[in-house]
Structures are given as C-alpha cells and as structure tokens.
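Position 1 is the first residue of the sequence; numbering continues from there.
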Amino acid sequence: MQLTDKQWKTLIRDIQQQRCVLLLGSHVATTHGPEGKSERISVMLARHLAGLLDAEHVSYEPEQADHLSYIAQRFLSAPKTRRLDLEDEVCDFYETHLSKIPQFHGRLARLPFNFIACLSPDNYAYKALRAAGKT
C-alpha cells in the first residue's frame, strides 16, 4: 500500500505526538538463518520442529514444513508427547535464536510510542526498549 504525501505527513505527526499504538506482527520477528540470510523466526522454529519429527519418524506433509501451526500440531500428535514438551522446545529454541536484537527493533525502540503490542512470542521489542532506556 502506497501512502500519499499527506498520509505520510499525518502519520509522522501522529507518531511524534504519541497518538499511535504500534502493533508488531509475527512477520517482523526475523533472525539470520543457517545460510546467513534473514528468515522469519516462526519458519525457523517450524523447520526445527520438523527436524525433531523426522528424528522420531513422525510423518507430516513436507510442503508444510515451514508452517508453524501445522508442524506444531503434528509435533503434538507424536506418541507420548505432551503439550509441555512442545512448550519446552519452543522456549529452548527462542533462547538459542534470540540473543541479538535486530536493527529494525532497535530503530523502532527510538520512536515515541507509548504502547507497543507484539503479536509474536519473541522478546526483541522488549530487549530493544530496555536497551533504549525505556520501560
């Protein structure tokens, strides 16, 4: 979607005067993948879980290996797997892959937002805000 000059001016003024709420969706959370290129965290997590399914010989549709909701459901369908097992895997994955704050989040933290809602389970926004001295 292209914004007109007037819309940009209005948006900038609204941000400066703290009249906006920032919503960060799941596509914002990215990190560097194995090949060094930027990848969505949710896709990397789905692939990680798919690898665990492969190790346990649990079948899934290979073309769905990047889709987190599908792979998480397949993970939960594995024999003797509890929801807590999935939660532990997700926590371990995020601890391993979320050590460095992406530049994007650091730049966002410098903007004057009073409220930021992050719709992704990463803590990039939180870390960036803390690094910028904000609460």
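- The line from OH of Tyr124 to CG of Leu24 is 12.5 Å long, rounded to the nearest 0.5 Å.
- Other residues, nucleotides and ligands contribute only 12 or fewer heavy atoms inside 6.0 Å of the CG atom of Asp5.
- Hydrophobic clustering (side-chain heavy atoms under 4.5 Å, transitive across Ile, Leu, Val, Met, Phe, Trp, Tyr) keeps Leu119 apart from Val28.
- The heavy-atom pair separating Arg82 from Leu76 by the smallest distance is O-CD2, 3.9 Å.
- Hydrophobic clustering keeps Leu3 apart from Leu23 (ILVMFWY residues linked when any side-chain heavy atoms are closer than 4.5 Å, directly or through intermediates).
- Residues Gln18 and Pro112 come closest through the heavy atom pair CG-O, 3.0 Å.
- Distance NE2/His27 to OG/Ser42: 6.5 Å, rounded to 0.5 Å.
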### Message
Using side-chain contact (heavy atoms from CB on, under 4.5 Å), reason through Leu49 and Leu86 one step at a time and then give a plain yes or no.
### Response
CA-CA 9 Å; Leu49 294 173; Leu86 176 61; 3.8 Å; yes
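- Atom CD of Gln17 is surrounded by more than 12 heavy atoms from other residues, nucleotides or ligands within 6.0 Å.
- Residue-environment remark: NZ (Lys134) exceeds the threshold of 12 foreign heavy atoms within 6.0 Å.
- Atom CD in Gln16 sits 7.0 Å away from atom CD1 in Ile12 (nearest 0.5 Å).
- Taking CG of Leu68 as the reference point, atom CE of Met44 lies at 12.5 Å (rounded to 0.5 Å).
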Exercise for the section: Using the side-chain contact (heavy atoms from CB on, under 4.5 Å) rule, take Tyr94 and Ile41 through it: C-alpha gap first, then chi angles, then the decisive distance, then the call. Expected result: CA-CA 8 Å; Tyr94 274 94; Ile41 294 279; 3.4 Å; yes
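- Legend: ring pair (Phe, Tyr, Trp, His ring centres under 6.0 Å) pairs involving residues 44-85, not counting sequence neighbours, sorted by first then second residue: His48-Phe93.
- In terms of the ring pair (Phe, Tyr, Trp, His ring centres under 6.0 Å) criterion, Phe104 has no residue partners (sequence neighbours excluded).
- Enclosure of atom CZ in Arg19 by more than 12 non-hydrogen atoms of other residues, nucleotides or ligands within 6.0 angstrom is indicated.
- Rounding to the nearest 0.5 angstrom, the gap separating the CZ atom in Arg74 from the CD atom in Glu56 is 13.0 Å.
- To the nearest 0.5 Å, atoms CD1 (Ile71) and CD (Glu61) are separated by 9.5 Å.
- Checking side-chain atoms of Asp88 against main-chain N and O of Asp85 turns up no donor-acceptor pair under 3.5 Å.
- With a 6.0 Å radius and a threshold of 12 heavy atoms from other residues, nucleotides or ligands, Tyr126 has its OH atom at or below the threshold.
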Open item on the list: Evaluate Leu108 against Ile116 for side-chain contact (heavy atoms from CB on, under 4.5 Å), listing each step before the verdict.
Closed with: CA-CA 10 Å; Leu108 283 178; Ile116 298 174; 5.8 Å; no
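- In the hydrophobic clustering of this structure, Ile101 does not group with Phe113; members are Ile, Leu, Val, Met, Phe, Trp, Tyr whose side-chain heavy atoms approach within less than 4.5 Å, directly or through other members.
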